[in-house]
*Asks:* 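I have a structure here, written as structure tokens, and I will follow up with some questions on it.
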Amino acid sequence: MIEIIKEKIWESLKALELQTPSKSKINVEYPKHKNHGDYSSNIALNLAKKIRQAPWTLAKNLAKHLSTDPLFSEVSAAKPGFINFHISNKVLYSILQDINKFGHEFGTNFAKGAGKRVLIEFVSANPTGPLNVVNARAAAFGDSLANILLAQGYHVEREYYINDAGHQIELLVESIENELNRLEEIEVEELEEGYKGEYITEIAARILEAEGTTIHQLSKKDMTQKISDLALDILINDQKDTLSLFGVCFDNWISENELRQKGSVEDVLAYLSETEKIYDKDGAVWLCSSEFGDVKDRVIMRSDGTVTYLVPDLAYHITKYKRGFDRIVDILGPDHHGHIPKLKAGIAILGYKPSLMQFILLQHVTILINDEKVKMSKREGKLITLRQLIDEVGTDAARFFFLMRKSNTPLDFDIELAKKRTAENPVYYVQYAHARIASIEKNARKEKLKISDFKPKYLHRLSHDEELNIIRTLMKYPELVTHISSSYDVNLLTTYLIDLAGEFHKYYQKYKIVNKRYKELSLARLFLCKAVQTVIKNGLTLLGISAPTKM
RNA sequence: GCGCCAGUAGCUCAGCAGGAUAGAGCAACAGCCUUCUAAGCUGUGGGUCAGAGGUUCGAAUCCUCUCUGGCGUACCA
């Protein structure tokens, strides 16, 4: 609708033989106050200076010209020079018809993405333990964003990068090996840094069960390899299972280990040395990242000859470029933001366009139980895992809660609230609106009111402010989804659904929907309810949350 | 020190593609179930949008500085 109005304004300016700005400069927005109409534009204020005309006169002229358009019931000029648009009821009614006609496709806009290829990498947790709450936030966010981009016609691939190589894996294997020995009452020494927690014991026990004591007959090297293979297999599969419980499925699982075996690390080092943007210092090899926006240069090869994390990560990102994506999105945890400038610099040095990459940083998640913050420590193995979260509050509530906040603000996750089955809990509030409508429809069937008997001419029975306002809210849905596909503010959809559900609950409370004495009115209201239900369901689906018909 | 993110009602936060009187939920208080699910609804109170400048016809929104908090600033990943 916003686009249509922009178009209309542009045509009007042309018709009035005024200087026309580019359409993208025309601003149309939702006014804060209802008596300012459904949409408003400040075009007269912005253009006044250029045209040397008072904004007020310009606004009046434009309003007069636009008010003949059947799209609007009223177009008026307001105080300093705003133009306020009131959409005609007829158009509002036609939106309801659109919603019920398009059903689950209402709110899609495939033309926007037009098949452009987008890669979204998210979660990518170390396979050194179960998924934690920040991983969970990333999973909910990345998956929902992917859904939204898909609905806008982008060709999206969800990707998980498995960091199954490097120092952390060595530590993991050492920890398990130690635990294995401990289980068999072989004397062990405490590891200084190593992984703790029940899952280490569990994995050790499972390996023991699968392999028996024969594992000790292997050479040290073979045994380490065996443990590594088995442990990673267990951990990665556990992550996959948990994610799928959470409703998240990845298209690609990329293994760092495999990339390394293909020699991509050596390749990157070779490319880098050709660029002359690396140098030796203090026995290590450094990258001139500071020339490309980083705060300082970075080591890429340590004095012991091993490469730092940056190198395989560059190798990995090059594969993203080579696969020809139009947009590369990385969703990262809060502890990774220092990594972005290095990566961008490296990419630029290697001759790729850093501007194709977009980074989304998720902030911390704090778990609250009975208003108390739960302290977590990975080293001690004390953490709340995604699996526990799913068991405690369920996938629907967890996903909704993770998506209520902007990605770049910290999130407090109140477990008690997420478990509540009352209006305080926004998930239930929204889902209940959907279920309630299903229930109303059931009641209508009992009363012999069939939605198939509905006729468009009944729509004018929807005349209350509440009814028209609900349609206005429904009308915003498609442009909201489009907006989110560029801004990545997935939280706006969550908020929108809460608002829509609220409007509906209030309406329900005030007006009787099914009343067989007033057939036309009842059918019109059922038609409205159906549309509300469709939009709630479509929205929840994008968020990866179920829309139950009974609660 | 430098960098990133944030600071809006008692609490948790929306709003920040500059707009016309700053919003919701919770908490507090007062109400609504012989009526399509009370997992719901109605009403009341509550604010120097951290502070100071600047840009603008117009700033919670953009810019600069200050203060406060979180994180980063590894030859960790």
Side-chain angles (χ1 to χ4, degrees), chain A residues 24 27 29 31-33 35-36 40-42 45-46 48-49 55 78-82 84 126 128 163 165-169 171 193 256 281-286 294-296 298-310 312-313 333-341 361 363-364 366 368 371 404-412 414 417 420-429 431-433 435-444 446-447 449 483 486-487 489 491-492 494-496 498-499 501-502 504-515 522 525-526 529 550-551:
Chain A
S24 60
N27 214 5
E29 61 187 13
K32 262 185 218 156
H33 300 280
N35 46 348
H36 293 147
S40 74
S41 177
N42 59 359
L45 289 160
N46 288 342
K49 240 184 203 168
K79 288 172 259 170
F82 292 102
N84 296 331
N126 274 341
T128 54
N163 289 281
H167 183 60
Q168 295 303 318
I169 300 299
L171 277 180
E193 23 167 18
E256 176 181 351
K281 194 182 99 183
D282 306 332
V285 183
W286 297 69
D294 200 356
V295 287
K296 54 186 275 197
R298 306 288 173 173
V299 171
I300 54 171
M301 189 186 280
R302 303 183 188 98
S303 39
D304 66 3
T306 59
V307 293
T308 61
Y309 178 71
L310 182 57
D313 207 36
D335 47 341
H336 279 68
H337 76 244
H339 187 61
I340 297 172
L361 284 167
Q363 292 297 320
H364 279 291
T366 309
L368 297 174
D371 287 334
M404 277 198 296
R405 301 280 173 262
K406 250 187 311 203
S407 57
N408 60 2
T409 48
L411 173 89
D412 284 345
D414 185 336
L417 179 62
K420 269 192 194 158
R421 306 185 144 227
T422 68
E424 292 166 59
N425 184 345
V427 192
Y428 284 90
Y429 189 74
Q431 287 182 320
Y432 181 47
R436 183 170 247 176
I437 292 168
S439 186
I440 292 168
E441 284 172 342
K442 212 169 110 191
N443 184 261
K446 242 187 268 168
E447 303 281 334
L449 279 164
H483 171 69
S486 330
S487 73
D489 293 325
N491 61 300
L492 295 180
T494 323
T495 321
Y496 170 85
I498 295 172
D499 289 345
F504 173 73
H505 285 309
K506 282 169 199 164
Y507 172 61
Y508 166 89
Q509 200 70 26
K510 194 164 170 187
Y511 299 100
K512 181 96 179 153
I513 289 154
V514 173
N515 188 337
S522 296
R525 286 182 172 171
L526 278 171
C529 287
K550 220 163 88 182
M551 291 173 79

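Lettering of chains follows the sequences in order, A, B, ..., and the numbering in each one begins at 1. Reckoned from all heavy atoms, side chains included, excluding hydrogens, waters and symmetry mates.
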*Asks:* Is the base of B:rC36 touched by the side chain of A:S439 through a donor-acceptor pair closer than 3.5 angstrom?
*Replies:* no
*Asks:* Side chain of A:N84, base of B:rA20: donor and acceptor closer than 3.5 Å?
*Replies:*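 By the distance-only test, yes, there is a pair.
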*Asks:* Taking only side-chain nitrogens and oxygens of A:Y429, does any of them come within less than 4.0 Å of OP1 or OP2 of B:rC41?
*Replies:* yes
*Asks:* Please measure how far the C1' atom in B:rU21 lies from the corresponding atom in B:rG47, and state the result in whole Å.
*Replies:*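 Approximately 14 Å lies between the C1' atom of B:rU21 and that of B:rG47.
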*Asks:* Decide side-chain contact (heavy atoms from CB on, under 4.5 Å) for A:I440 and A:R525; before the verdict, give the C-alpha distance in whole Å, the side-chain angles of both, and the deciding distance to 0.1 Å.
*Replies:* CA-CA 10 Å; A:I440 292 168; A:R525 286 182 172 171; over 6 Å; no
*Asks:* Find the distance between CG (A:D335) and NE2 (A:H364) and round it off to the nearest 0.5 Å.
*Replies:* 6.5 Å
*Asks:* When the distance from CG of A:N515 to P of B:rU35 is rounded to whole Å, what number comes out?
*Replies:*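 The distance from CG of A:N515 to P of B:rU35 comes to 15 Å, rounded to the nearest Å.
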*Asks:* With sugar-phosphate meaning primed atoms plus P, OP1 and OP2, does A:L417 contact a base, only sugar-phosphate, or nothing at under 4.0 Å between heavy atoms?
*Replies:* nothing
*Asks:* For A:D294, report the nucleic acid contact type (base, sugar-phosphate, nothing); a contact means any heavy atom under 4.0 Å.
*Replies:* nothing
*Asks:* Atom CG of A:L492 to atom P of B:rA17: distance rounded to whole Å?
*Replies:* 10 Å
*Asks:* Please list, pair by pair, any protein nitrogen or oxygen found under 3.5 Å from a nitrogen or oxygen in nucleotides 6-13 of chain B.
*Replies:*
residue: B:rA6; atom: OP1; partner: A:N408; partner atom: ND2; Å: 3.2
residue: B:rU12; atom: O2'; partner: A:R405; partner atom: NH2; Å: 3.0
residue: B:rC13; atom: O2'; partner: A:R405; partner atom: NH1; Å: 3.0

*Asks:* With sequence neighbours excluded, tell me which residues meet salt bridge (Lys or Arg N to Asp or Glu O under 4.0 Å) with A:K32.
*Replies:* none
*Asks:* How far, in whole Å, is B:rA14 from B:rU8 if one measures between their C1' atoms?
*Replies:*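 Pairwise C1' distance, B:rU8 against B:rA14, rounds to 10 Å.
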*Asks:* Could you measure between the two P atoms, the one in B:rC63 and the one in B:rG46, and give it in whole Å?
*Replies:* 34 Å
*Asks:* Under 4.0 Å between any heavy atoms, over every strand shown, what does A:Y511 touch: base, sugar-phosphate, or nothing? Just pick one.
*Replies:*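 It contacts base atoms.
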*Asks:* Taking the P atom of each, how far is B:rA9 from B:rU61, in whole Å?
*Replies:* 15 Å
*Asks:* How would nucleotides 56-64 of chain B be written as a contact map, 5' to 3', with B for base contact, S for sugar-phosphate-only contact and - for no contact, using protein heavy atoms under 4.0 Å?
*Replies:* -B--B----
*Asks:* When you measure from the side chain of A:V295, which nucleotide among B:rG3, B:rA14, B:rU37 comes out closest?
*Replies:* B:rG3
*Asks:* Can you tell me how far the OG1 atom of A:T308 sits from the CZ atom of A:R298, to the nearest 0.5 Å?
*Replies:* 10.0 Å
*Asks:* Side-chain N or O of A:K296 versus OP1/OP2 of B:rA74: is the shortest distance under 4.0 Å?
*Replies:*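 Yes, within the criterion.
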*Asks:* Please report the closest heavy-atom contact between A:K420 and A:N425, naming both atoms and the distance.
*Replies:* O-ND2, 2.8 Å
*Asks:* Can you tell me the pairing partner of B:rG31 across any strand shown, Watson-Crick or G-U wobble, with both distances under 3.5 angstrom?
*Replies:* B:rC41
*Asks:* I need the NE2-C1' distance between A:H337 and B:rA77, as an integer number of Å.
*Replies:* 15 Å
*Asks:* If each of A:G283 and A:N35 is mapped to the nucleotide of RNA chain B with the nearest heavy atom, which maps nearer the 5' terminus, i.e. the 5' end?
*Replies:* A:N35
*Asks:* Give A:T495 one of three labels, base, sugar-phosphate or nothing, depending on what nucleic acid heavy atoms sit under 4.0 Å from its own.
*Replies:* sugar-phosphate
*Asks:* Out of B:rA14, B:rC75, B:rA77, which has the shortest distance to the side chain of A:N491?
*Replies:*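 Shortest atom-to-atom distance from the side chain points to B:rA14.
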*Asks:* Please classify the nucleic acid contact of A:D313 as base, sugar-phosphate, or nothing, using heavy-atom distances under 4.0 Å.
*Replies:*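 Counting heavy atoms under 4.0 Å across all strands, no contact is made by A:D313.
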*Asks:* Using the C1' atom on both, measure B:rU35 against B:rU44 and round to a whole Å.
*Replies:*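 Per the computed distance, 27 Å lies between those C1' atoms.
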*Asks:* At their closest point, which heavy atom of A:C529 faces which heavy atom of A:F504, and how far apart are they?
*Replies:*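 So the two residues come closest at SG-CE1, 3.8 Å.
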*Asks:* Considering only the P atoms, how many Å lie between B:rA24 and B:rU64, rounded to the nearest integer?
*Replies:*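 Pairwise P distance, B:rA24 against B:rU64, rounds to 33 Å.
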*Asks:* Taking atom CZ of A:F82 and atom NE2 of A:H36, what is their separation to the nearest 0.5 Å?
*Replies:*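 NE2 of A:H36 is found 8.0 Å from CZ of A:F82.
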*Asks:* Hey, does A:S40 reach any base, or is it just sugar-phosphate, or nothing, if we go heavy atoms under 4.0 Å?
*Replies:*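 Result for A:S40 = base.
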*Asks:* Considering just the side-chain nitrogens and oxygens of A:N27, establish if one lies under 4.0 Å of OP1 or OP2 belonging to B:rG18.
*Replies:*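 Answer yes for this pair, as a side-chain N or O of A:N27 is under 4.0 Å from OP1 or OP2.
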*Asks:* For A:H33, answer base if it contacts any base atom (sugar-phosphate contacts may also be present), sugar-phosphate if it contacts only those atoms, and nothing otherwise; contact means non-hydrogen atoms under 4.0 Å.
*Replies:* base
*Asks:* For nucleotides B:rC4 and B:rA59, find the distance between their C1' atoms and express it as a whole number of Å.
*Replies:*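 The answer is 24 Å between these two C1' atoms.
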*Asks:* From the set B:rA77, B:rA74, B:rA20, return the single nucleotide nearest to any side-chain atom of A:R298.
*Replies:* B:rA74
*Asks:* Nearest-Å distance, CD1 (A:I340) to C1' (B:rC5)?
*Replies:* 11 Å
*Asks:* How many Å lie between CD on A:E29 and C1' on B:rG18, as a whole number?
*Replies:* 9 Å
*Asks:* Hey, is the side chain of A:H336 pairing donor to acceptor with the base of B:rG72 inside 3.5 Å?
*Replies:*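 Counting by modelled atom types and ignoring angles, no donor-acceptor contact under 3.5 Å is found here.
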*Asks:* Under 5.5 Å between ring centres and under 30° between planes: true for A:H36 and the base of B:rA20?
*Replies:*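 Taking the rule of under 5.5 Å and under 30°, the ring of A:H36 does stack on B:rA20.
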*Asks:* Quick one: label A:A48 by what it contacts on the DNA or RNA (base, sugar-phosphate, nothing), any heavy atom closer than 4.0 Å.
*Replies:* nothing
*Asks:* State whether the aromatic ring of A:F82 stacks on the base of B:rG19, taking stacking to mean ring centres under 5.5 Å apart and ring planes under 30° to each other.
*Replies:* no
*Asks:* Any chance you could measure A:N46, atom CG, to A:N27, atom CG, to the nearest 0.5 Å?
*Replies:* 7.0 Å
*Asks:* Measure the spacing between CG of A:N163 and CD1 of A:I169 and express it to the nearest 0.5 Å.
*Replies:*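 Atom-to-atom, A:N163:CG and A:I169:CD1 are 7.5 Å apart.
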*Asks:* Once you apply a heavy-atom cut-off of 4.0 Å, does A:K506 come out as touching a base, just sugar-phosphate, or nothing?
*Replies:* sugar-phosphate
*Asks:* side-chain contact (heavy atoms from CB on, under 4.5 Å) between A:I300 and A:V285: does it pass, once the steps are laid out?
*Replies:* CA-CA 6 Å; A:I300 54 171; A:V285 183; 3.9 Å; yes
*Asks:* Would you kindly give the NZ-to-P distance between A:K510 and B:rC41, to the nearest whole Å?
*Replies:* 14 Å
*Asks:* Please give, in whole Å, the distance from B:rA77 P to A:L310 CG?
*Replies:* 10 Å
*Asks:* Verify whether the ring centers belonging to A:Y432 and A:H505 lie closer than 6.0 Å.
*Replies:*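 Centroid separation for A:Y432 and A:H505: below 6.0 Å.
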*Asks:* Scan A:K550 against the nucleic acid and name what it touches under 4.0 Å (heavy atoms): base, sugar-phosphate only, or nothing.
*Replies:* base
*Asks:* Can you tell me if A:Y508 touches the phosphate of B:rA38, counting only side-chain N or O atoms and a distance under 4.0 Å to OP1 or OP2?
*Replies:*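 Answer is yes, contact under 4.0 Å.
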*Asks:* Quick one: classify the glycosidic conformation of B:rC62 as syn or anti, with syn meaning within 90° of 0.
*Replies:*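 Classified anti.
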*Asks:* Please tell me which of A:M301 and A:Q363 maps to the more 5' nucleotide of RNA chain B, matching each residue to the nucleotide holding its nearest heavy atom.
*Replies:* A:Q363
*Asks:* What do you reckon, do A:H364 and the base of B:rC71 stack, with centroid distance below 5.5 Å and planes below 30°?
*Replies:*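 No, A:H364 does not stack on the base of B:rC71, since the centre distance and plane angle fail the 5.5 Å and 30° test.
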*Asks:* Does B:rA38 have OP1 or OP2 under 4.0 Å away from a side-chain N or O of A:R436?
*Replies:*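 Looking at the OP1 and OP2 atoms of B:rA38, one of them is under 4.0 Å from a side-chain N or O of A:R436.
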*Asks:* Would you name the heavy atoms of A:K512 and A:V514 that are closest together and state the gap between them?
*Replies:* CE-O, 3.3 Å
*Asks:* Mind checking the P distance from B:rG43 to B:rU37? Whole angstroms is fine.
*Replies:*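 To the nearest whole Å, 24 Å.
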*Asks:* Measuring from atom CG of A:D412 to atom CE of A:M404, what distance do you get when rounded to the nearest 0.5 angstrom?
*Replies:* 10.5 Å
